[in-house]
K.L.:
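Below you will find the structure I want to go over with you.
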Protein chains: 2
Amino acid sequence: MEKSRNPIAQKLLESFTQFHRLNWRQSPIVGLKSSEIMLLFCIKRTVKSDSVGIKVSDISSALKVASPTVTQLINGLETSGFVERTMDQEDRRAVRVNLTDKGKRTLEKVSDVFYNSFDGLVEYLGEEESSKLAELLSKVFTYFNETRKENF
Amino acid sequence: MEKSRNPIAQKLLESFTQFHRLNWRQSPIVGLKSSEIMLLFCIKRTVKSDSVGIKVSDISSALKVASPTVTQLINGLETSGFVERTMDQEDRRAVRVNLTDKGKRTLEKVSDVFYNSFDGLVEYLGEEESSKLAELLSKVFTYFNETRKENF
DNA sequence: GGATATAATTAGGTTGCCTAATAATTTATA
DNA sequence: TATAAATTATTAGGCAACCTAATTATATCC
């Protein structure tokens, strides 16, 4: 079985395995989990200043996770003072989420570290190779998505 | 902060995020977790026929996980009949792990699906692009590993 | 022979998700 | 207009994939 393995496929599998172990999302800050950081980024990216905030369901679809996942992350972030919930004035079912000042300040620091690390990576790989990588990963995603649909 | 972001780094981050969601290691078989499959592959790859088997510590270092992780995975796999433990004849502290016939047969099936999927990916990307991807991912791993060492 | 190191194991824990169920609210339909 | 259906957020419980601390027995070193 493994003898007839395509060596390129094998090599690709090994690089995926290695990459899997990388934990590139690792939080640069104690007290903030990587999943929480991703959520804070999502709020920051979406919510303008003086805005009513973003709904749980919008975060959920933006991050492509279930809304209970978002709820529970927000519970923790609210407790720690990074976000605040307010009621939606137009829909009594909904909640609006905003960054607090503490949240904004912390996210500023996190962004620094996080994006510097990605800038460094682009520098390390070169711009052309970085774009290439992004493109190839996107193709991988497309491939697996499509073959998994077929199997259902 | 996000305005000054390098667009290539941003693009790379997005492709990493997307890939993160992919779960490429997903098990093709009900009743076997992806971590278990990786462990079975590790045994298969290492243990020759009629061999005394592989030690827990060797699996642990091969997969780069803690030995309690390996122990607990083996507990489950032994219960399900995929592997068996025997005592090491030369070292009373050690245990030797081997695939059972059931384990071998099942792994044969899993390999088929799993490797076919990777073969398909190589075909989809092309051989040159596949090799390129493997190489780039390896560089990413190297980059993050080295910058993380510096931060400690 | 005693100190130190090693091997596997158990227990408990964290993170990052998921689904089922629920209550309240909004929207759609007859 | 009343009812059914859909939507929103939440809580509870669960799983997978790991980790560390502690422990016991064994092997190795000095």
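Chain letters run A, B, ... following the sequence lines, proteins first and then strands; every chain starts at 1. FYI, side chains are in, hydrogens and waters are out, and symmetry mates aren't considered; it's all heavy atoms of this structure.
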K.L.:
Taking only heavy atoms on the protein side, list every residue of residues 17-25 of chain A lying under 4.0 Å from any atom of DNA chain C, sorted numerically.
P.N.:
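Correct list: A:R25.
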K.L.:
Take atom CD1 of A:I59 and atom C1' of C:dC17, then tell me their distance rounded to the nearest Å.
P.N.:
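Spelled out: CD1 on A:I59 to C1' on C:dC17 is 16 Å.
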K.L.:
Rounded to whole Å, please give me the gap between CD1 in A:I37 and C1' in C:dT15.
P.N.:
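Between C1' of C:dT15 and CD1 of A:I37: 13 Å.
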K.L.:
Heavy atoms, side chains only, cut-off 4.5 Å: are A:N6 and B:V122 in contact?
P.N.:
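Yes - at least one pair of side-chain heavy atoms lies under 4.5 Å apart.
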K.L.:
If the condition is side-chain hydrogen bond (donor to acceptor under 3.5 Å, both in side chains), which residues does B:R93 pass it with, not counting sequence neighbours?
P.N.:
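Only B:D91 meet the side-chain hydrogen bond (donor to acceptor under 3.5 Å, both in side chains) criterion with B:R93.
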K.L.:
Would you call the rings of A:F114 and A:W24 parallel, tilted or perpendicular if under 30° counts as parallel and over 60° as perpendicular?
P.N.:
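Aromatic pair A:F114/A:W24 classed tilted.
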K.L.:
Return the set of residues passing side-chain hydrogen bond (donor to acceptor under 3.5 Å, both in side chains) with B:E84 (not counting sequence neighbours), or none when no residue passes.
P.N.:
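Applying side-chain hydrogen bond (donor to acceptor under 3.5 Å, both in side chains) to B:E84 gives none.
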K.L.:
Between P on C:dT9 and CZ on B:R96, what's the gap in Å once rounded to a whole number?
P.N.:
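B:R96 atom CZ is separated from C:dT9 atom P by 13 Å.
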K.L.:
Got a list of side-chain donor-acceptor pairs under 3.5 Å for residues 29-39 of chain A, not counting sequence neighbours?
P.N.:
residue: A:E36; atom: OE1; partner: A:K33; partner atom: N; Å: 2.9

K.L.:
So does B:N75 get a side-chain nitrogen or oxygen closer than 4.0 Å to the phosphate oxygens (OP1/OP2) of C:dT10?
P.N.:
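It does, given that an N or O in the side chain of B:N75 lies less than 4.0 Å from OP1 or OP2 of C:dT10.
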K.L.:
Please report, rounded to the nearest Å, how far the P atom of C:dG16 is from the CG atom of A:L73.
P.N.:
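Distance, rounded to whole Å: 8 Å.
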K.L.:
Quick one, give me the B/S/- string for nucleotides 18-24 of chain C, reading 5' to 3', where B means a protein heavy atom under 4.0 Å from the base and S means that only happens at the primed atoms, P, OP1 or OP2.
P.N.:
BBB---B
K.L.:
Rounded to the Å, how far apart are B:I74 CD1 and C:dA8 C1'?
P.N.:
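So the two atoms are 10 Å apart, to the nearest Å.
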K.L.:
Could you state the CD-C1' distance from B:Q26 to C:dC17, rounded to the nearest angstrom?
P.N.:
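Computing the B:Q26:CD to C:dC17:C1' distance gives 14 Å.
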K.L.:
For C:dG16, does OP1 or OP2 lie under 4.0 Å from any side-chain N or O of A:S34?
P.N.:
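Answer yes for this pair, as a side-chain N or O of A:S34 is under 4.0 Å from OP1 or OP2.
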K.L.:
Heavy atoms of chain B, cut-off under 4.0 Å: which first and last nucleotide of DNA chain D, 5' to 3', fall inside that, if you could look?
P.N.:
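Here the contact window of chain B covers D:dA16 to D:dA27.
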K.L.:
Can you tell me how far C1' of C:dT14 sits from CD of A:E36, to the nearest Å?
P.N.:
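Roughly 12 Å, once rounded to whole Å.
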K.L.:
Do B:V52 and B:D88 have side chains that get closer than 4.5 Å, going by heavy atoms?
P.N.:
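Sidechains of B:D88 and B:V52: no contact.
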K.L.:
Rounded to whole angstrom units, what separation is found between the CE atom of B:M87 and the C1' atom of C:dA8?
P.N.:
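Result: 13 Å.
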K.L.:
Could you state the interatomic distance from OG (B:S80) to CG (B:N75), rounded to the nearest 0.5 Å?
P.N.:
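Going from the OG atom of B:S80 to the CG atom of B:N75 covers 10.5 Å.
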